[in-house]
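See below for the structure under consideration.
Fair warning: this is a prediction, and the values are worked out from it, not measured in the lab. We name chains A, B, ... by the order of the sequence lines, and we start the count at 1 in each one.
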Amino acid sequence: MLKSINCGELRKEHAGQRVTLAGWVHRRRDHGGLIFFDLRDRSGLVQVVFNADVSEDAHRLASDVRSEYVVQVRGRVSERPAGLVNPNLATGEIEVYADELTILNPARTTPFPINEESEVGEAVRLKYRYLDLRRRRMQRNLMLRHRIISHIRAFLNERDFIEIETPILLKSTPEGARDFVVPSRIHPGKFYALPQSPQQMKQLLMVAGFERYYQIARCFRDEDLRADRQPEFTQLDLEMSFVESEDVRAIIEALMLSLFAAVSDKQVQTTPFPVLTYAEAMERYGIDRPDLRFGMEIVDLTDLVAESGFGVFANVAAGGGRIKAICAAGAGGYSRKQIDQLTEEAKAKGAKGLVWMKVEAEGLRSPIAKYLSEEEKNGIRERCQAQMGDLILIVADQAEVAAASLGHLRLVLGEQLGLMDPNVLACAWIIDFPLLEWNEDENRWEAVHHPFTSARDEDWPLLDSDPGAALAKAYDLVCNGTEIGGGSIRIHDQGHQSKIFAALGISPQQAQAQFGHMLEAFQYGAPPHGGIALGLDRLIAILADEASIRDVIAFPKTASATDLMLNSPSPISPQQLAELHIAVVEE
RNA sequence: GGGGGCGUGGUGCAGCGGUCAGCACGCCGGCCUGUCAAGCCGGAGGUCGCGGGUUCAAAUCCCGUCGCUCCCGCCA
C-alpha cells in the first residue's frame, strides 16, 4: 500500500505516530517558508504542513505542487497548538508535519473547481464526469447509494430471499415502453431486446420454485427522458410465491422503514404507511401519487352550488360535471399576477378557468361573490374549512379535469407556500388501481400495470360486462409525491391469463407467439405469486435531497440520451453493420 | 413530436443597439513561517455556441441551427 492510513481517519489519538498518506491536493496555502496542503482521499481531508526548517527538500517540492496533484506524504501526526484547531474539519485537532513528499502524478488545472461546491453547468460536469464524481456532493451521493443497496441486500438475504441474475439480452414484446433492441449477428434480421424490467423472468423463477427472489436489476426503456427518468435505470426487482398483496406490502414497508432508519435523518411522517385506494387518491389529491407531506385536499362543492346563480357552476353541475376546490391556507394575500399564474397552471391541465375567493374580514372576496347566495358562500367556506386569510380556488369541469387541475395547483401551491418539508418522508400505498384503461388512439383496452396483473377475485366477471370497472391486485409505493415502486399479484393460471389477453385484444395466436412460454409455464404448477419493483434511482434521489436522478447515477445520459463523456451513441463501421445485417437508412 | 429557460475568458455570472466586453473565483509570476475560501503586489486569458439577416453600428434585435435543461406528449 502507498498509504498507511486514510486522511479523514486521523484523530488526536494518532498524535506522535508516523504515517504515510496518499491522495489529492485539495487546496494549497503557501506562506513562503511554510506551506499547508489539505490532502484529500475518499475518507476526507487532513492538513499537511511543510516547513522549510523540517525538510528543505519536501518544502521545495511542495511549492511546485498544485490542486489535484496526486501525492504521497510521509510525516508525523501532531496535535495542533492551542488556538489553531479547525472546528470545521473532522481532523481539525491534528495536522501532519511532512518530511517527505512524492508527486505520484501531476494534474492539469481542472475545468471546474473540485474543492468547492459551486454550481457548474451540467454539460461540463458530464463531459468530465470523472472529475465531477471527485467532488464532495457526488462522492456523498454515490456512497449513499452504496449504503442503500447494501442495506437492501442484507435485509432481503436475512429474510430468505435469493438474488438471481436474469438476462440482459431478452426478447421484444409489443406491450409497454419502446424497447432498446440489439441486432443478432448469428440470426440475420432478428433482434434481442433489453429488459424494460425482468418481469417475465421473475415470474418464471416463481414457477421454478425459488419462492423468494430479488435482483438489483438494470432496466432499459427507449422513451424520452426527464429529471426522474433515464434510458437505463436500476430497480429493486422482487417476487414472492404464496403471498397476497398485503404480504408484499408488509415486507417492502419493513424494508423501507429499516432503510430509512439506517441511512437517513429524515422523519417518516406516518407509520404504518397510509393505504389509499386509487379512487380515493384521485378524489382527494387529483393524482395517483399524492404528496402527503401537506393537506390542502380537494373538496367537492357540487351539491352546494348546483343551483347557483353563477351560471358556470349550475351548467357544469347540470351537465354531470363537478365543482371542486382547494383551500390554500394563508394565501389570501396573493396578488392578481400570482392568481393569473395559478390560472395558467390550471388551464395547462385542461381547466377552462379558475375561480378564486379570498377569505377576508368582510366576507368572501371574489369576482363571482355577487352571484352567490349567503348560504352558498357560507357552505363553501365551511366545506373548505377556510380561515381568515386563506385563498379558495375552484374549478368547475368534468370530474377528472377538475381533479387533475386542482391536484396540480395543490402541488404548485405546496411548493410556493413551503409545505414540502424535505426532512419528512411521507410514504403511502396506493391500491385498487383499475386493471385496464381504454386507449382512445388505438381503440382498445390496455393493461394499466402489465398484462400479468391479476384482477381482484370478485372483479373477474367484470371483464365481460364492464372491463373498465375491474380493479387490479396492484399497489404502488409513493413517497413525497414520487412513485417509487409498483407491483401486483400476478395471474398464475392459463385460464385467467387468456382472459386478460382476450380483453386486451391479443388473439390466441398472438398470445402464443409473444407469451407462449408464460402460458405454457402456467400449466406446470405455477404457484400463486406476486411482487414489486422499486425505482432505486428515485428512492436514492429523495434520500440524497437531489432533484434529478442523474445526480445519484455515476454516468448518466443527458436529456437527449447522449453520453457527453463517451460521445455515445456513435456510428459503427460498415464492417460491423455488414456483420449485423443492418443497413442504415438516411433520412 | 410540441412548449419554456439558458448558452459571454477555465468556472460562475453581469452587460441586452453605440464610451467598455466587465466582475468574482480559478490560473501564471513575485513576496510572505500558522494558514485552513490564507494575505499582499503584478500578469495572462474571450472570433460573446454556430450560420444567416436587419442596421451607419449587433454579445445585444430577427430567423435558422446545435448543445444543456425543465415541462407536455410518451414512459405496460
At 4.0 Å (heavy atoms only), tell me whether [X] reaches a base, stays on the sugar-phosphate, or touches nothing.
X	result
A/Thr173	nothing
A/Ile35	nothing
A/Arg550	sugar-phosphate
A/Thr453	nothing
A/Asn115	nothing
A/Arg178	nothing
A/Val49	nothing
A/Glu116	sugar-phosphate
A/Ser118	nothing
A/Tyr97	base
A/Pro111	sugar-phosphate
A/Gln47	base

Would you mind pulling out the nucleotide paired to [N], Watson-Crick or G-U wobble, both distances under 3.5 Å?
N	answer
B/C61	B/G53
B/G7	B/C66
B/C20	none
B/G73	none
B/G39	B/C31

By nearest-nucleotide position on RNA chain B, the 5'-leaning member of A/Arg226 and A/Asp38 is A/Asp38
Residue mapping more 5' on RNA chain B - nearest nucleotide basis, A/Gly33 or A/Thr109
A/Thr109
How far does the [atom1] atom of [N] sit from the matching atom of [M], given to the nearest Å?
N	M	atom1	answer
B/G3	B/U60	P	23 Å
B/C6	B/C61	P	11 Å
B/A38	B/C25	C1'	15 Å
B/C74	B/G15	C1'	41 Å
B/A37	B/C32	P	24 Å
B/G46	B/G5	P	31 Å
B/A44	B/C27	C1'	9 Å
B/A58	B/G51	P	15 Å

Are the ring centres of A/Tyr475 and A/Phe433 closer than 6.0 Å?
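No, ring centres 6.0 Å or more apart.
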Would you please indicate yes or no on a ring centroid separation below 6.0 angstrom for A/His31 and A/Phe36?
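Close enough - the centres of the two rings lie under 6.0 Å apart.
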[X] side-chain proximity, nearest of [options]:
X	options	result
A/Arg229	B/C75, B/C70, B/U69	B/C75
A/Leu84	B/U33, B/C36, B/U11	B/C36
A/Asp224	B/C74, B/A38, B/U69	B/C74
A/Asn51	B/U33, B/C70, B/U35	B/U33
A/Arg66	B/C68, B/G29, B/U35	B/G29
A/Ala559	B/G67, B/C70, B/C32	B/C70

Between [X] ([atom1]) and [N] ([atom2]), how many Å, whole number?
X	N	atom1	atom2	value
A/Asp288	B/C75	CG	P	14 Å
A/Lys127	B/C66	NZ	P	19 Å
A/Leu564	B/G49	CG	C1'	14 Å
A/Gln196	B/C74	CD	C1'	13 Å
A/His59	B/U33	NE2	P	9 Å
A/Asn567	B/C68	CG	P	10 Å
A/Glu119	B/G26	CD	C1'	17 Å
A/Arg135	B/C25	CZ	C1'	13 Å

Verify whether one side chain among A/Asn86 and A/Gln47 offers a donor that lies under 3.5 Å from an acceptor in the other.
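A/Gln47 and A/Asn86 do not have a side-chain donor-acceptor pair below 3.5 Å.
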Does either side chain, that of A/Thr166 or that of A/Gln215, offer a donor lying less than 3.5 Å from an acceptor on the other one?
yes
Side-chain N or O of [X] closer than 4.0 Å to phosphate OP1/OP2 of [N]:
X	N	answer
A/Ser560	B/C68	yes
A/Arg108	B/C27	no
A/Arg29	B/U35	no

Check whether more than 12 heavy atoms from other residues, nucleotides or ligands sit under 6.0 Å from atom CZ of A/Arg136, and answer yes or no.
no
Are there more than 12 heavy atoms of other residues, nucleotides or ligands under 6.0 Å from atom CZ of A/Arg11?
yes
Taking the six-membered ring for Trp, does A/Phe36 stack with B/U35 (centroid gap under 5.5 Å, planes within less than 30°)?
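A/Phe36 vs B/U35: stacking yes.
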Stacked pair A/His31-B/A38, distance under 5.5 Å, angle under 30°:
yes
Taking the side chain as C-beta and beyond, is there a heavy-atom pair between A/Gln230 and A/Ile549 under 4.5 Å?
yes
Answer whether the closest heavy-atom distance between the side chains of A/Ile542 and A/Cys479 falls below 4.5 Å.
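Counting from C-beta outward, A/Ile542 and A/Cys479 do come under 4.5 Å.
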Please state whether the base of B/C68 and the side chain of A/Arg125 form at least one donor-acceptor pair under 3.5 Å?
no
Residues A/Arg125 and A/Asp551 bridged, charged N to O under 4.0 Å
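A/Asp551 and A/Arg125: salt-bridged.
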Paired with A/Arg490, the side-chain hydrogen bond (donor to acceptor under 3.5 Å, both in side chains) test is passed by just one of A/His529, A/His450, A/Gln497, namely A/His450
